Amino acid sequence: MNIFVTGGAGYIGSICAEALLEAGYAVTVYDDLSEGHRSAVDRRARFVQGRPDEAGHIFNAIQEARPDAIMHFAANALVGESMTNPRKYFHNNVVNGLKLLDAAVEAGVKKFVFSSTCATYGPPERLPMTEDLPQRPINPYGESKLMFEKVLSWYQRIYGLEFIAFRYFNAAGASERFGEHHRIETHLIPNVLKVALGQKPHCEIYGTDYPTPDGTCIRDYIHVRDLARAHILGLTPGRQGFYNLGNGDGYSVRQVLQTCEKVTGKTIPALEKPRRPGDPPRLIASAARAMEDLGWQPECPRLEDIVASAWAWHQRHPQGYPD
Ligand code: UDP
């Protein structure tokens, strides 16, 4: 089987592409390298550099690859940025996403695998979060992903394009070869590890007055390789719908810092800052549906092991990717 992977030079996309190749799939990576890195594209994959807004180019690339499925990772995914630059999120995640989706329909692709997010829920009514909770996003990032989810449901009903959408909680960790390198890093774990590497004097804690036991936000961190395995399970024909992917454990920002100190053996100074707009206080997944329907089980659920894999990668690649 042949899979067309948009955003396959980015963090999650590169590790999913690697997992697909390991599982025997042929992979075409489509990426504009705006966020991704050429050296994050597995050498066994075909690489097509192309922009997400060029509908004709996307269609030709799909026609040429003749994929059995498309995995769509290419998107903007920063909560904070979406609060200051919402148009970037609606244009790229919705308008450009639609160009890809229409090309998929035109080319007769049978299956679409979508990277969605727990940010589509907004602050949840109860924890852990199941897929049937109301979706009331509190940032444009979550809203843009929710809009695309809705389009997928209609395209499935009317055009028969089967889809599976994974609502990721907080992806973290690395594989042996590929890891997390954003040119401007805003995520918690890589920023904390930069301090451990001696590249930054301190990290920052955004908000210490949340209604949580230690006042900092709680998130459910999931190993990126476990995410990748769920995507492969989702390729089986007939498996479709919406699935949360997380470990069901919540860790506060302070607990993440402590875990990073333990794993790295370094002291990590932190500055307490105001809240970052758009952040819900607590997000913890129930992935029971993915476990039951897809037979998915996380292989690396412990935060310490997740951080250790990221730390190993950052130590091997202190400057990230060269390009
Ligand atoms: N966060 C923080 N300091 C940082 C980066 C993030 O305190 O340098 C907090 C952020 O406010 C959120 C949590 O850590 O509560 C996880 O943020 P991240 O950006 O890693 O992922 P998100 O949950 O936004 O997808």
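If you're wondering where the values come from, they're calculated on a predicted model, not measured in any experiment. In listed order, ligands and their atoms are each counted from 1. This chain uses plain numbering: 1 for the first residue, then up along the sequence.
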Q) Ring centroid separation for H72 and F163, is it under 6.0 angstrom? A)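 No - the distance between ring centres of H72 and F163 does not fall below the 6.0 Å cut-off.
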Which one of [options] has a non-hydrogen atom at the shortest distance from [atom]?
atom	options	result
atom 4 (C) of ligand 1	Y210, Y221, Y206	Y206
atom 5 (C) of ligand 1	L257, T186, L78	T186
atom 17 (O) of ligand 1	H187, K200, E272, R276	R276

**Q.** CA sep, side-chain torsions, deciding dist, call: Y155, D102, side chain to side chain donor-acceptor pair (under 3.5 Å)
**A.** CA-CA 9 Å; Y155 274 39; D102 287 344; 2.7 Å; yes
Q: List the closest protein heavy-atom neighbour of atom 3 (N) of ligand 1: residue, atom name, distance to the nearest 0.1 Å.
A: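 Of the protein heavy atoms, E204 O, 2.6 Å lies nearest.
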**Q.** Nearest protein heavy atom with distance in Å, relative to atom 9 (C) of ligand 1
**A.**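 Atom 9 (C) of ligand 1 sits closest to the protein heavy atom V253 CG2, 3.8 Å.
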(Q) Let me confirm one number: the CG-CG distance from L227 to L245, rounded to the nearest 0.5 Å. (A)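 Output value for this atom pair is 5.5 Å.
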For [X], atoms of ligand 1 separated by under 4.0 Å from a heavy atom:
X	value
I205	7 (O)
D279	10 (C), 11 (O), 12 (C), 15 (O)
N170	16 (C), 21 (O), 22 (P), 23 (O), 25 (O)
L188	1 (N), 2 (C), 3 (N), 4 (C), 5 (C), 6 (C), 14 (O), 18 (P), 20 (O)
R219	15 (O), 23 (O)
C217	15 (O)

Compile the donor-acceptor pairs under 3.5 Å between side chains in residues 283-293 and protein atoms, sequence neighbours left out, one pair per line.
| unit_1 | atom_1 | unit_2 | atom_2 | d |
| --- | --- | --- | --- | --- |
| S286 | OG | A288 | N | 3.3 |
| R289 | NH1 | F242 | O | 2.8 |
| D293 | OD2 | Y243 | OH | 2.9 |

**Q.** Test item: I205 and R254 side chains (from C-beta on) under 4.5 Å apart, heavy atoms
**A.**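 Sidechains of R254 and I205: in contact.
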Q) Does any non-hydrogen side-chain atom of E180 lie less than 4.5 Å from one of E185? A)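 Yes, their side chains come closer than 4.5 Å.
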Q. Is there a heavy atom in Y251 that sits closer than 4.0 Å to ligand 1?
A.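 Heavy atoms of Y251 never come under 4.0 Å of ligand 1.
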Q) Should we count NZ of K266 as having more than 12 external heavy atoms under 6.0 Å? A)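 Counting other residues, nucleotides and ligands, NZ of K266 stays at 12 neighbours or fewer.
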Q. Does one side chain, of E162 or Q156, offer a donor that lies under 3.5 Å from an acceptor on the other?
A.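 No donor-acceptor contact under 3.5 Å links the two side chains.
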Q) For residues E204 and H202, is any side-chain donor paired with an opposing acceptor at under 3.5 Å? A)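 There is no such pair between these side chains.
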Q: Answer with side chain, backbone, both or neither: which part of N191 has a heavy atom less than 4.0 angstrom from an atom of ligand 1?
A: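 For N191, the contact with ligand 1 is made by the side chain alone.
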